[in-house]
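Remarks on the structure that follows.
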Amino acid sequence: MDLGSAREHGGDEGFTANTGLDQASADAGDERTGDGGADDGGSQPRHMRIAGDDTKNAERGKADDRAGSPGGNGGTHAAPAGASRFSLGAYGVLFLLFDIAGVGMMQWGVTVSSSGSTLPGPLIGLWNFAETIWKQQRNVFYLNLVLLGLIYLTLLFLINHFWITTPVIMGVCMVFALIERFKVQSRYETVLPSDFDFLNADAGNIASFLPAGAQRKIIGGLLGLLALIVLCVVANHFDLRHGRIILSRSKAIGASVRIVGALVPGIAVSLFISAVGTVDSWANNLALNMGDIPSMWDSVYDAQRNGTLLAFSRQLNPKVMDEPANYSEATMKAVLKRYEKAANTINTTRTANLNDGSVIFVLSESFSDPTRVPGVNLNKDPMPYIRSVKDSTTSGLMLSSGYGGGTANLEFQALTGLSMANFDPSLTSPYQQLVPALQWTPSINQLWNGGKNSVAFHPFVSSMYSRSSDYKKFKFPHFYTLDKPDVIKYSEPIDRSPYASDEQAYKNVTEWLQGTPGNRFVQLVTMQNHMPFNNWYDDNEFAATAPQGSAALGSDETMAIQTYAKGVSHTDNATRDFLASLDKENRPITVMFYGDHLPGIYSTAGADNANSIALHETDYFIWSNKASASAGAKLDDSAYSSPNFFMAQTAEHMNAKVSPYLAFLTQLHGKISAMEPPVINQIQGWTRIPAGQTIYLDNKGNPMSAVDFDAATRQLVNDYKLIQYDITAGKHYLETTDFMTMPGGGAMTGAAADASASSTSSSANLSAAVSTLASTNPANGVAAGSTSQREGQVNRSRR
């Protein structure tokens with residue numbers, strides 16, 4: 001085979017060390033021939049030549065342009081003026097530049113200005129991300145470059161053509177960035193892995209979710225990609241290698257090198273993505289060591305802070321929980337039978353049903369009695385009314401897994417009855433990592449007509465913690481927030497506070513109830529006492545000091561505690577008015593009120609690990625209005641609890657019959673009053689403690705050791721893991737049984753989100769309330785929306 005023929009058949013396959021021949025020949029200005037013949041030094045195979053041969057060939061002015069030719073079908077080809085053979089070093093520089101451009105595009109997709117009103121240009125988001133290297137000594141920018149680079153490299157070896165691979169990878173980055181930008185603009189939420197299931201199922205409706213101006217961005221992106229393609233075509237024309245990274249005479253050798261070259265980076269990035277979401281894995285530790293700070297309460301902030309690619313990767317393969325050793329269909333049938341029997345026993349003494357009346361779950365943001373904090377004295381009681389309510393009804397202290405953050409985890413436990421203590425430490429945020437992918441999502445609101453007679457309110461942005469999508473999975477037909485389509489009516493703050501007051505939050509609920517007949521479930525998450533606490537309130541009469549013999553409080557800490565105490569006082573007054581208005585209703589209403597966590601302001605007390613339990617105990621109560629048969633009820637075993645028991649406690653307070661699931665939770669609460677995963681006294685960077693046992697409290701608030709559990713308690717704890725695994729990560733053996741079914745027909749079924757979408761349009765009996773709540777004052781709505789976005793951007797790092 002002559003040299004030209006060898007180039008025809010092998011020029012696009014493999015590897016060469018020669019980078020000087022074509023450049024030298026071009027400099028000589030000689031026309032090259034493609035007649036397939038060898039030059040004077042052509043007795044050696046091309047891929048075996050050395051630099052000396054190239055020099056001789058250059059001097060003779062003879063070379064063949066076929067070395068990088070994509071076709072190779074013979075004939076005469078003249079190299080264009082200025083053509084040169086691109087070296088591997090040149091490709092490397094271009095590779096790095098395009099890698100940075102790809103990361104930059106994806107960062108542009110999630111870049112939101114501090115005002116929330118505009119999305120700045122791409123270099124702003126990329127530069128702010130890159131400068132964390134020297135400003136914060138964090139190297140996550142490099143980690144994102146490596147991740148995209150490995151994907152780029154895998155594709156490059158597979159295609160073996162730089163000028164084809166580059167527009168392909170840049171096109172993928174552009175599409176991903178545009179989708180991110182559209183979703184951030186319309187919902188203030190990044191692309192989640194679960195979104196790909198949605199796109200597959202509802203591809204025909206995608207256009208309806210595009211924000212204003214999307215068409216211009218799409219056209220601009222396509223024009224930019226077209227320009228890149230043209231540049232790559234031109235570069236290919238002047239590149240005598242024609243973009244081929246691997247050149248080899250032997251197809252077998254070339255193919256082998258390309259396969260290995262694709263497998264190594266492909267396997268590396270796959271292993272990283274599969275493990276980065278698992279606590280204590282090599283990938284997770286690598287990310288943390290490079291400066292990753294998981295911030296999953298806000299997906300946009302997480303992507304801005306840690307890089308779009310890394311933030312997306314950690315959600316692809318979260319570890320939910322280990323499969324219990326004895327998990328099987330037979331085991332789950334035995335569990336069902338065990339708690340069907342328990343439910344029958346409990347129901348012999350119960351006379352009501354949970355959905356015989358309305359139930360309101362109030363998650364009061366950061367609410368907890370500041371007078372209980374070790375080392376803090378206040379000159380005045382900030383919550384006298386709530387204290388009196390706690391004295392007269394079912395109430396106690398709730399063990400919280402959060403301190404200064406973790407709201408949605410407590411909310412998730414209250415709505416589902418599942419416990420964070422059973423999950424793997426890698427599952428830091430069920431609302432982001434678990435719920436979007438679940439096909440079975442049982443929650444307490446579904447006991448009210450399958451969720452159709454339930455509603456949720458939150459005077460903040462709907463996307464925080466992915467609530468807007470998760471509430472659909474829970475079958476809430478309406479979720480009223482500062483965002484469209486269901487815009488909350490009342491959201492004014494107090495004085496200089498950036499957040500809606502509790503008085504306004506309660507007003508939304510009372511007005512909705514007054515316009516909505518029948519029995520309902522209401523979910524309310526307040527915002528007034530959210531961090532920060534920066535002297536927001538006028539006429540603040542509260543003064544915080546350290547008791548004699550205790551460490552002195554810092555000035556900033558004192559100011560924050562005093563601001564928070566005034567906020568608690570505002571909550572106390574608003575709750576008094578709220579319950580008074582409910583007492584005027586002629587239908588039974590029960591309120592489950594709880595604080596999610598303490599505010600992260602007690603730095604002096606937090607420095608002492610002996611205060612761990614005290615700094616994770618919030619206040620809760622269950623109260624029923626005068627029209628309820630359970631008015632004034634006070635359970636004996638309520639001194640301590642955790643949110644996973646709230647639905648069972650509410651049923652007990654109301655003397656309501658239970659399902660096998662609630663019977664199980666009732667029995668477990670009789671043995672263990674409260675349970676949470678290991679906790680810490682510092683504001684969490686959204687990671688769980690991988691070591692240490694679950695915290696269990698008895699009915700006196702004393703810690704319990706799992707090794708001391710009796711046989712009945714051990715079985716309950718083991719059954720809990722079986723039940724939770726079956727619902728979240730298992731085969732859903734219990735889903736088709738009556739495990740979640742209440743006497744009288746109510747059931748926590750919670751399968752797919754599409755049922756909630758159809759119920760939105762079919763709930764005609766809610767139309768009056770919907771009309772009332774939709775009539776938002778435009779000026780107020782715009783101002784509140786702007787404030788919410790700004791505070792979501794600036795202050796969300798503490799939530």
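Under the 6.0 Å cut-off for aromatic ring centres, Tyr152 and Phe95 qualify, their centroids lying closer than that. Ring pair Trp127/Trp134: centre-to-centre distance below 6.0 Å.
In this structure, Asn160 contributes its side chain and Ile245 its backbone to a donor-acceptor pair below 3.5 Å. Under the 3.5 Å distance criterion, the side-chain polar atoms of Asn306 are left unmatched by any main-chain donor or acceptor of Ala311. Checking side-chain atoms of Asp483 against main-chain N and O of Ser462 turns up a donor-acceptor pair under 3.5 Å. Of the possible donor and acceptor atoms, one in the side chain of Asn317 sits under 3.5 Å from a partner among the backbone N and O of Ser274. Although no hydrogens or angles enter the test, the distance criterion places a donor-acceptor pair under 3.5 Å between the side chain of Ser250 and the main chain of Ile253. Side-chain atoms of Lys473 come within 3.5 Å of backbone N or O of Leu438 as a donor-acceptor pair. Judged by distance alone, with hydrogens and angles left aside, the side-chain atoms of Arg138 form no donor-acceptor pair with the main-chain N or O of Thr132 at under 3.5 Å. The backbone N or O of Ser281 lies less than 3.5 Å from a partner atom in the side chain of Asn285, making a donor-acceptor pair. Proximity of a side-chain donor or acceptor of His242 to a complementary backbone N or O of His237 within less than 3.5 Å is not detected. Judged by distance alone, the side chain of Gln107 and the main-chain N or O of Thr308 form a donor-acceptor pair under 3.5 Å.
The two residues Gly243 and Asp239 have their closest heavy-atom pair at N-OD2, 2.9 Å. The nearest pair of heavy atoms linking Cys232 to Pro167 is SG-CD, 3.7 Å. For Leu309 against Ser313, the heavy-atom pair with the smallest separation is O-OG, 2.7 Å. The minimum heavy-atom distance between Ala262 and Thr154, with the atom names listed, is O-CG2, 3.5 Å. The minimum heavy-atom distance linking Val140 with Gly291 is given by the pair CG1-C, 3.5 Å. Here the shortest heavy-atom pairing between Pro436 and Pro430 reads CD-O, 4.1 Å.
Between Tyr465 and Tyr431, the ring planes lie perpendicular to each other; the angle is over 60°, past the 30° to 60° tilted range. Ring-plane geometry between Phe162 and Phe98 is classed as tilted, the angle between the planes lying from 30 to 60 degrees on a 0 to 90 degree scale. Ring geometry for Phe272 versus Trp282: interplanar angle over 60°, hence perpendicular rather than tilted (30 to 60°).
Between Val461 and Ser468, every side-chain heavy-atom pair lies at or beyond the 4.5 Å cut-off. Put simply, the side chain of Asn236 reaches to within 4.5 Å of the side chain of His161, judged on heavy atoms. Side-chain contact between Leu310 and Val276 is present, with heavy atoms from C-beta onward closer than 4.5 Å.
In this structure, CE in Met174 is found 9.5 Å from CH2 in Trp108, a value given to the nearest 0.5 Å. Here CG of Leu427 is found 10.0 Å from CD of Gln432. Values are rounded to the nearest 0.5 Å. In this structure, CZ on Arg258 lies 9.0 Å from CZ on Arg244, to the nearest 0.5 angstrom. Atom CZ in Arg181 sits 5.5 Å away from atom NZ in Lys217 (nearest 0.5 Å). One finds the CG atom of Leu288 at 9.5 Å from the CD1 atom of Ile293 (value rounded to the nearest 0.5 Å). Here CG of Leu158 is found 8.0 Å from CG of Leu263. Values are rounded to the nearest 0.5 Å.
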Show which side-chain atoms of residues 99-106 pair as donor or acceptor with protein atoms under 3.5 Å away, not counting sequence neighbours.
unit_1, atom_1, unit_2, atom_2, d
Asp99, OD1, Gly149, N, 3.4

- request: Take Leu156 and Tyr91, measure what side-chain contact (heavy atoms from CB on, under 4.5 Å) needs, and give me the verdict at the end.
  value: CA-CA 11 Å; Leu156 184 57; Tyr91 287 132; over 6 Å; no

task: Take Leu434 and Phe423, measure what side-chain contact (heavy atoms from CB on, under 4.5 Å) needs, and give me the verdict at the end.
output: CA-CA 11 Å; Leu434 176 66; Phe423 287 132; 3.6 Å; yes

- prompt: Between Leu286 and Met290, is a side-chain contact (heavy atoms from CB on, under 4.5 Å) present by the stated rule, with each step listed?
  reply: CA-CA 6 Å; Leu286 173 64; Met290 294 192 74; 4.1 Å; yes

message: Apply side-chain contact (heavy atoms from CB on, under 4.5 Å) to residues Ile151 and Ile169 and explain how you reach the verdict.
response: CA-CA 9 Å; Ile151 298 170; Ile169 198 74; 4.1 Å; yes

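For the ring pair (Phe, Tyr, Trp, His ring centres under 6.0 Å) test, residues two or more places apart in sequence or in another chain that qualify with Phe141 are Phe129.
A salt bridge between Arg314 and Asp302 is present, with a side-chain N of the basic residue lying under 4.0 Å from a carboxylate O of the acidic one.
For Thr190 and Glu180, the side-chain atoms include no donor-acceptor pair closer than 3.5 Å.
Heavy-atom contacts from other residues, nucleotides or ligands closer than 6.0 Å to OH of Tyr142 number 12 or fewer.
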